[in-house]
Every structure is written in C-alpha cells, then in structure tokens.
Novice: 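Supplied in structure tokens, the structure appears directly below.
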Amino acid sequence: MKTFEGAITALITPFKENCEIDYESLNNLLKYEIENNIDGIVVCGTTGEASTLTDEEHLDVIKYCVEKVSGNIPVIAGTGSNNTLHAIEMSKEAQKLGADGILAVTPYYNKTNQRGLISYYSDIAKSINIPIIMYNVPSRTGVNILPETALAIASKNENIIGIKEASGNISQVSKLMTLSREKQIPIKMYSGNDDQILPLLSLGGNGVISVVSNIKPNLVHNLCSKYTDLNEKIKLQDEVTKISEVLFSDVNPIPVKEACYQLGLIETNKVRSPLIEMDNEGKKRLVKVIKNI
C-alpha cells in the first residue's frame, strides 16, 4: 500500500476571467510544484474549491493532473462529501482515473456522530483499494474525529493510512499519536495547518497538506525533510508561519489565489461565488509580505 510523506500541496484550481477552469495555468502550477521539490499534491480539496466544481469538472481536473505529472509525484484526489454514496462514487472514479490516493473530508452540514464517522469511512474504504487519508477540519464541517475514532477507523480498514489534522488542537494530535503507539495501530499524520507543521512533525507526524506550498513549495519541502536539522527547521517554520498568517487573513483560498496571481503563477485571481476576491487593504498587506519572500 502506497504511503505519502513530506510536503503535499493543497493545490488551487485556477480560473479564467469567466470562471471556467484555466488548464494552461493549472499546467504551469504543476510544473512549478515539481520543479521546486514538492512531494505530492492534493487536487479538488478545500483549497481547490471542490465545492463549486461540477462532478464533471472535478473528475476532469483529477484526470488532467494525473496525466500531466506522469508519476513524478503522487496525486491525491479530494472526494469527500456529506453524502456517503456520492463520496463512494467520486472515490471510485478517482481510482479509475489513476489517482494515487484520496482525501476524504468528514461529512459537513448534516454532520454525523462518531459511530457514523466509522461507518462513513469504512464504506468508502470498502469501495476502493487505493490509500485514503481522513480529513479532520471541525471549523468547516462542524464535526471532530476523536483520536479513539480515528484509530478505530484505521484498525478496521487497511487502506485508510492516515489523517490530515486541521483541528488546531495539539493536545488532540498528541493523544492520537500516543494511542497509536500504545495500541500499535499505525496511522500517518499530516498537518492541516501550515503554522503547526513542526509541532506535528515533532509528535511523530509525516508531513503537511499545505496551502503555503502553492507559492513556496521548496520552503515547505525543506521544513518537512528529514535531512534538515532542528535549528534550521525552526527558522523555516517561522518563515512558513509569517506567510501563513497573510494567506489565512481571509477565507481560504482567496488570499493564496491572490498571491499566486501577484507572483505570476496564474492568469487571474478569480474565485467562484460565494467567495469573492480580497479587498484593497487585504491585497496591500498580502503583496507587502509576498514581495519579500
């Protein structure tokens, strides 16, 4: 079973002025990521505005990215849903298209309880045979995967290999990793917060699914690298945190798209409604930071 390590970019989905998908810019982004040592990409996740993509667009983006990276880096497809049957269908299609794994967010809006989470992830796991990363982001979904639940899910399903932890709760992360070692239930841990990469690595984490690496893939790669010593990692985390602060000064992915646009990585800063572009003051603060990185 393939596993994933290091700096994995939660890739934006670039749009044209008319908000159609800009595949030329997407190709440029993929080249930029690979040339700057990124260890993998997640496509059609939160940062990729998956919730505003049609199913056809969603699958087209996955197919395009798989074909363009040509096996140079892993492609992990976002396929989670608040409808388990829809999540299963999208996961099956992602596997057919050649995705190396999937990222499945917890059900949102209708939510579920902890037993429901076990059922949700187990049903997805039974439908495919590629690796699955659970995605815990309570601030967006309203439901939290408890450490005991995460391990129960992993123990029941061989292809559920890890969890993207974006709760921001370091104590919860620590408990999960401690229980994983005590119960001898292996689980990969990926930070879902760029400002907490080093703390999660120090607790036994395996990497990050990063927004910052859309614009600084090499920086995040070096922070996650086992060949970087601790003092250097601290300096790199400080730099990542400064960038992260401005990239999360508005709703993700509004600022990171603006940053990619300002750096000439994409042709427009367009986001799909209900998201809207940054106001002028926000843009000024963002430009001041990114022009100095």
Novice: Answer yes if the side chains of Asp194 and Ser210 hold a donor-acceptor pair under 3.5 Å, and no otherwise.
Specialist: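 Yes, a side-chain donor-acceptor pair sits under 3.5 Å.
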Novice: When you check the side-chain N and O atoms of Glu56 and Thr54, is any donor under 3.5 Å from an acceptor?
Specialist: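 Checked: Glu56/Thr54 side chains show no N/O donor-acceptor pair below 3.5 Å.
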Novice: Any chance the side chains of Thr13 and Glu49 put a donor and an acceptor closer than 3.5 Å?
Specialist: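 Their side chains do not contain a donor-acceptor pair, so the 3.5 Å distance test is not met.
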Novice: Does a side-chain N-to-carboxylate-O contact under 4.0 Å join Glu281 and Lys284?
Specialist: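 So Glu281 pairs with Lys284 through a salt bridge.
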Novice: Judged by atom type as modelled, is there a donor-acceptor pair below 3.5 Å linking the side chain of Thr141 to the main-chain atoms of Tyr108?
Specialist: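 Answer holds: no.
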Novice: Is the backbone of Ser81 close enough, under 3.5 Å, to the side chain of Tyr120 for a donor and an acceptor to pair up by distance?
Specialist: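 Yes; at least one donor-acceptor contact below 3.5 Å.
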Novice: Pairing donors with acceptors under 3.5 angstrom, does anything connect the side chains of His221 and Asn36?
Specialist: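 No, because no side-chain N or O of His221 sits under 3.5 Å from a partner of the opposite role on Asn36.
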Novice: Which pair of non-hydrogen atoms, one from Ala94 and one from Thr79, has the smallest distance, and what is that distance?
Specialist: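 What the structure gives for the nearest pair is CB-CG2, 4.0 Å.
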Novice: Side chains of Asn159 and Asn129 only: does a donor on one sit below 3.5 Å from an acceptor on the other?
Specialist: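 Side-chain D/A pair, Asn159 to Asn129: absent.
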Novice: Looking at Val143 and Pro107, what are the two nearest heavy atoms and their distance?
Specialist: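 Heavy-atom minimum between the residues: CG1-O, 3.4 Å.
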Novice: So, Ser122 and Asn157: side-chain donor and acceptor under 3.5 Å apart, yes or no?
Specialist: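 Distance-only check passes for Ser122 and Asn157.
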Novice: Apply salt bridge (Lys or Arg N to Asp or Glu O under 4.0 Å) to Glu20 and list each qualifying residue two or more places apart in sequence or on a separate chain.
Specialist: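 Listed in chain order: nothing, the list is empty.
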Novice: Could Lys164 and Tyr135 be counted as a cation-pi pair, given that NZ or CZ must be under 6.0 Å from the ring centre and within 45° of the axis?
Specialist: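 Judged by the rule (NZ or CZ under 6.0 Å from the ring centre, within 45° of its axis), Lys164 counts as positioned above Tyr135.
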Novice: Only counting residues at least two apart or in another chain, list the ones meeting salt bridge (Lys or Arg N to Asp or Glu O under 4.0 Å) with Glu148.
Specialist: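 Applying salt bridge (Lys or Arg N to Asp or Glu O under 4.0 Å) to Glu148 gives Lys175.
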Novice: Do NZ/NE/NH1/NH2 and the carboxylate oxygens of Glu67 and Lys63 come within less than 4.0 Å?
Specialist: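 Yes, Glu67 and Lys63 are salt-bridged.
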Novice: State which residues pass side-chain hydrogen bond (donor to acceptor under 3.5 Å, both in side chains) with Arg272; sequence neighbours excluded, sorted by chain then number.
Specialist: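 Listed in chain order: Glu57.
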Novice: For residues 245-254, which side-chain N or O atoms pair as donor and acceptor with protein atoms under 3.5 Å away, sequence neighbours left out?
Specialist:
from, atom 1, to, atom 2, distance (Å)
Ser249, OG, Val246, O, 2.7
Asn252, ND2, Thr47, OG1, 3.0

Novice: With sequence neighbours left out, what residues match Asn222 under side-chain hydrogen bond (donor to acceptor under 3.5 Å, both in side chains)?
Specialist: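 Result, side-chain hydrogen bond (donor to acceptor under 3.5 Å, both in side chains) vs Asn222: none returned.
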Novice: Quick one: side-chain hydrogen bond (donor to acceptor under 3.5 Å, both in side chains) partners of Thr9, sequence neighbours excluded?
Specialist: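 By the side-chain hydrogen bond (donor to acceptor under 3.5 Å, both in side chains) rule, Thr9 matches Glu33, Ser213.
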